[in-house]
There are 2 protein chains.
Amino acid sequence: MTSPLDRAPTMDDVAAAAGVSKMTVSRALRGAVVAAPTRARIMEAVSRLGYVPHAAAGALASRRSGFVAAIVPSMDNSNFAETVAGLEAALRQAGLDLLLGTTLYSSAREEALLHTLMRHRPEGIVLTGGAHSRRVAALLGRSALPVVETWDLPASPIGGVVGFSNRAAGAAMTAHLASIGRRRIAFLGGASRRDPRGEERGRGYEEALASAGLGPPRLFRHGQPPLSMRHGAEGMARLLERWPEIDAVVCASDLIAFGAIGECQRRGIAVPARIAIGGFGDFEVSRCAVPAISTVAVDARGIGERAGAMLARAVAARRRGDALPPERIEVGLRLVARGSSLLSGPPPDPAV
Amino acid sequence: MTSPLDRAPTMDDVAAAAGVSKMTVSRALRGAVVAAPTRARIMEAVSRLGYVPHAAAGALASRRSGFVAAIVPSMDNSNFAETVAGLEAALRQAGLDLLLGTTLYSSAREEALLHTLMRHRPEGIVLTGGAHSRRVAALLGRSALPVVETWDLPASPIGGVVGFSNRAAGAAMTAHLASIGRRRIAFLGGASRRDPRGEERGRGYEEALASAGLGPPRLFRHGQPPLSMRHGAEGMARLLERWPEIDAVVCASDLIAFGAIGECQRRGIAVPARIAIGGFGDFEVSRCAVPAISTVAVDARGIGERAGAMLARAVAARRRGDALPPERIEVGLRLVARGSSLLSGPPPDPAV
DNA sequence: ATCAAAAGTGTTACCGCTAACATGCGCCGG
DNA sequence: CCGGCGCATGTTAGCGGTAACACTTTTGAT
């Protein structure tokens with residue numbers, strides 16, 4: 001019977017309780033070769049004492065923090081929240097802990113955050129997007145850490161990539177709206193340069209418009225990221241003032257599309273009869289809204305899972321001493337046509 | 001000119017470069033008394049070498065990890081995402097790092113997660129809700145760590161509390177619907193015992209119904225948490241089969257309410273004329289939907305900020321050696337009546 | 001039976017930083 | 001001109017683990 005300690009038990013306490021050396025305890029807990037009876041004695045002592053390994057001590061001695069840092073723009077946006085959930089699941093499976101930070105779409109914050117996170121000596125880093133400040137790129141280059149960029153296909157990636165072409169996404173929705181006969185198609189996105197992915201979708205819109213021969217773009221920017229439904233409603237109001245003739249709108253995200261549709265409904269503008277609307281991201285609200293919102297679907301959770309798995313592989317390789325060649329996964333986009341861009345289908349909904 | 005190192009610079013490297021001892025560097029970086037010229041030399045060396053302190057080594061030596069662990073059910077739900085954002089902001093200001101984990105509403109996962117997080121020796125813990133398994137409570141009690149429970153008002157809290165009465169929230173919405181003349185009010189929530197806060201809101205509904213003398217409850221449970229819009233649509237469909245006579249529905253969350261309204265719209269049931277609907281949480285979708293959704297608003301971000309500040313105070317006290325008496329903050333609830341429970345206001349929207 | 005290889009465990013020396021105490025120095029009043 | 005005080009900095013000894021190697025006992029092939 002051991003007397004209770006006034007401090008948290010250490011590995012030495014466990015070793016003493018099990019009648020072995022500290023090193024054997026260490027091996028047993030990390031799954032190295034230890035004779036079965038010895039291991040059993042150790043495990044019994046661990047649970048009897050309530051021993052919890054001290055991660056910082058282990059990290060210091062082994063030079064392996066077991067951390068992976070992830071930097072996302074925001075968690076309020078359900079898209080990134082799903083990516084983080086996927087990441088967390090994939091990393092947990094690989095025995096890595098997730099250290100999370102949000103930039104709120106500010107690259108100054110991204111840089112400060114990276115510094116803070118680096119103090120914990122992460123073994124890998126997940127970034128959102130492919131555009132980073134020079135200093136961030138330099139810091140990452142110097143650190144020689146495995147990096148995975150997500151939600152984009154950077155022209156010259158730092159390391160691995162799990163993403164898609166935001167330009168293609170914007171173009172796909174534009175082409176879809178053209179294919180159902182719309183000719184005066186507008187784009188509604190954010191006002192700021194802080195969201196490069198939204199900007200790219202706008203560029204895809206312009207390209208698709210040009211290649212369909214649909215005249216000069218009607219591109220309207222409103223609101224600072226994180227863009228939400230409110231910006232969609234406000235932006236739609238302004239858009240209608242400026243170009244009352246429009247018959248379709250490509251929105252930078254489903255949230256914007258939802259707000260835009262709401263504004264149309266308040267003004268008595270029929271969607272999709274008079275104006276068809278499409279979004280991006282396949283948020284749940286798009287499936288459940290009336291009318292349901294057409295979107296370009298992207299597997300947000302899958303991006304997180306794949307990025308996590310990719311980074312886990314790179315971390316494992318680095319621990320072995322070899323460096324994996326950077327992988328690049330392009331995840332698919334899927335155009336999902338729903339009520340907001342389709343006249344057919346279920347009968348029109350009665351007034352609410 | 002120092003030659004570049006093949007490893008990350010340590011405090012010793014900085015000390016050598018600045019011509020002082022390691023200890024002086026340590027003091028300078030942590031803001032202790034150091035002569036101004038000495039400090040300047042050190043800072044110059046730090047930035048020239050690109051030195052980043054090693055958090056694990058510091059934690060080991062000082063016995064202060066600088067971590068606070070937070071456990072939330074899910075991040076996909078924008079409510080908790082906002083709480084986490086507030087928490088992150090408050091903790092960052094206090095120089096504490098956030099270590100985040102999600103339980104997915106499973107108490108087995110909560111326990112496993114807590115063990116994983118404990119390896120990092122957090123200096124404080126934020127929990128969501130007030131119901132925890134016996135083992136979780138025991139583990140926390142043994143650790144003697146500052147704890148803050150959020151989103152609830154536990155009868156016998158473990159430590160600090162920043163929350164509100166979910167029962168009162170459910171009752172408030174029920175009373176509101178009764179006050180606009182509804183007499184056959186149903187409740188739509190989740191099927192599982194895994195979401196104690198949702199359950200509590202249902203209990204508040206039952207109590208308010210009884211005290212208004214509105215007959216036996218019509219309480220319908222559908223779906224496993226995390227509950228989302230889809231569950232609202234499906235649940236509403238079943239609810240209408242079972243009790244076609246209802247004239248109002250209290251939903252366990254705004255997401256459910258949104259799904260339920262969509263289902264009504266698809267069936268040609270006028271909201272609020274024939275059925276009034278109310279939710280909980282004041283999600284952004286509620287403000288932007290048509291009709292806008294009545295809700296019981298709670299300041300999710302504020303809960304995070306206050307919990308973070310409260311925990312930061314407790315951690316600071318613990319570092320000084322004294323233990324603060326547990327604080328308890330009850331955050332306000334605000335009933336926001338919108339279109340989904342009001343016939344007056346803007347003219348009815350035309351069919352979409 | 002014999003020896004090499006393998007299996008199991010112990011010993012030693014750190015990982016990078018900070019608490020606690022020690023030291024040296026300038027400044028003050030008596 | 002000295003003792004003592006306070007400030008600025010240095011020294012020592014860990015914090016709680018793990019890598020690397022040493023050592024002893026099996027084990028298996030010859």
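Values in this document were obtained by computation on a predicted structure and should not be read as measured data. Convention: sequence-line order gives letters A, B, ...; per-chain numbering from 1.
For dG16(C), the OP1/OP2 oxygens have no side-chain nitrogen or oxygen of Tyr51(B) closer than 4.0 Å. Between Ser26(B) and dT18(C) there is a side-chain polar atom (N or O) within less than 4.0 angstrom of OP1 or OP2. Remark: Arg119(B) is not in phosphate contact with dG17(D), judged by side-chain N or O atoms under 4.0 Å from OP1 or OP2. Listed pair Arg30(A) / dA19(D) meets the phosphate criterion, a side-chain N or O lying under 4.0 Å from OP1 or OP2.
Nearest-nucleotide mapping onto DNA chain D: of Thr38(B) and Val25(A), the residue sitting toward the 5' end is Thr38(B). With DNA chain C read from its 5' end, the first of the two nearest nucleotides for Arg27(B) and Ala55(B) is the one closest to Ala55(B). Judged by closest nucleotide on DNA chain D, Val20(B) is the one of Val20(B) and Val52(A) placed further toward the 5' end.
The shortest distance between side-chain heavy atoms of Thr83(A) and Val126(A) does not fall below 4.5 Å. Proximity of Asp299(A) to Glu305(A): side-chain heavy atoms (C-beta onward) are nowhere separated by under 4.5 Å. Residues Thr24(B) and Thr38(B) meet the side-chain proximity criterion, which asks for heavy atoms closer than 4.5 Å. Contact check for Val162(B) versus Val331(B): side-chain heavy atoms found under the 4.5 Å cut-off.
Here the C1' atom of nucleotide dC17(C) and the NE2 atom of His54(B) are 9 Å apart, to the nearest Å. Rounding to whole angstrom units, CE of residue Met23(A) and P of dA13(C) are separated by 16 Å. The CG atom of Leu29(B) sits 15 Å away from the C1' atom of dT9(D) (whole-angstrom rounding). Put simply, CD1 on Ile42(A) is 10 Å from C1' on dT9(C), counting in whole angstrom units. Distance, Asp13(A) CG to dC15(D) P: 11 Å, rounded to whole Å. The interatomic distance linking Asp12(B) (CG) with dC17(C) (P) rounds to 8 Å, in whole Å.
In terms of heavy atoms, Ala59(A) sits closest to Ser65(A) at CB-CA, 3.8 Å. Between Val161(B) and Asp152(B), the closest heavy-atom pair is CG1-O, 3.4 Å.
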Could you list all N or O pairs between the protein and nucleotides 23-28 of chain D that sit under 3.5 Å apart?
none

Between the protein and nucleotides 5-7 of chain D, list every N/O to N/O distance that falls short of 3.5 Å.
none

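Remark: the Lys22(A) side chain and the dG16(D) base include no donor-acceptor N/O pair separated by less than 3.5 Å. Counting atom types as modelled, Arg121(A) pairs no side-chain N or O with a base atom of dG16(C) as donor and acceptor under 3.5 Å.
The distance from atom CG of Asp322(B) to atom CZ of Arg318(B), rounded to the nearest 0.5 Å, is 11.5 Å.
A donor-acceptor pair under 3.5 Å is formed between the side chain of Arg41(B) and the backbone N or O of Ala18(B). No side-chain donor-acceptor contact under 3.5 Å links Ser74(A) to the backbone of Tyr105(A).
For residues 58-66 of chain A, proximity to DNA chain C is found at Leu60(A), Ala61(A), Arg63(A), defined as any non-hydrogen atom under 4.0 angstrom from a strand atom.
Under the 3.5 Å distance criterion, with hydrogens and angles disregarded, a donor-acceptor pair is assigned to the side chains of Thr102(A) and Glu88(B).
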Go through the steps for Arg7(B) and Asp13(B) under the test salt bridge (Lys or Arg N to Asp or Glu O under 4.0 Å), then give the verdict.
CA-CA 11 Å; Arg7(B) 52 177 175 74; Asp13(B) 300 320; 2.9 Å; yes
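As judged by a 4.0 angstrom heavy-atom cut-off over every strand, Thr24(A) is placed among residues touching the sugar-phosphate backbone only.
Residue Ala57(A) places its side chain closer to dG16(D) than to any other of dG16(C), dG10(D), dG16(D).
Salt bridge annotation for Asp76(A)-Arg301(B): absent, with no cationic side-chain nitrogen under 4.0 angstrom from a carboxylate oxygen.
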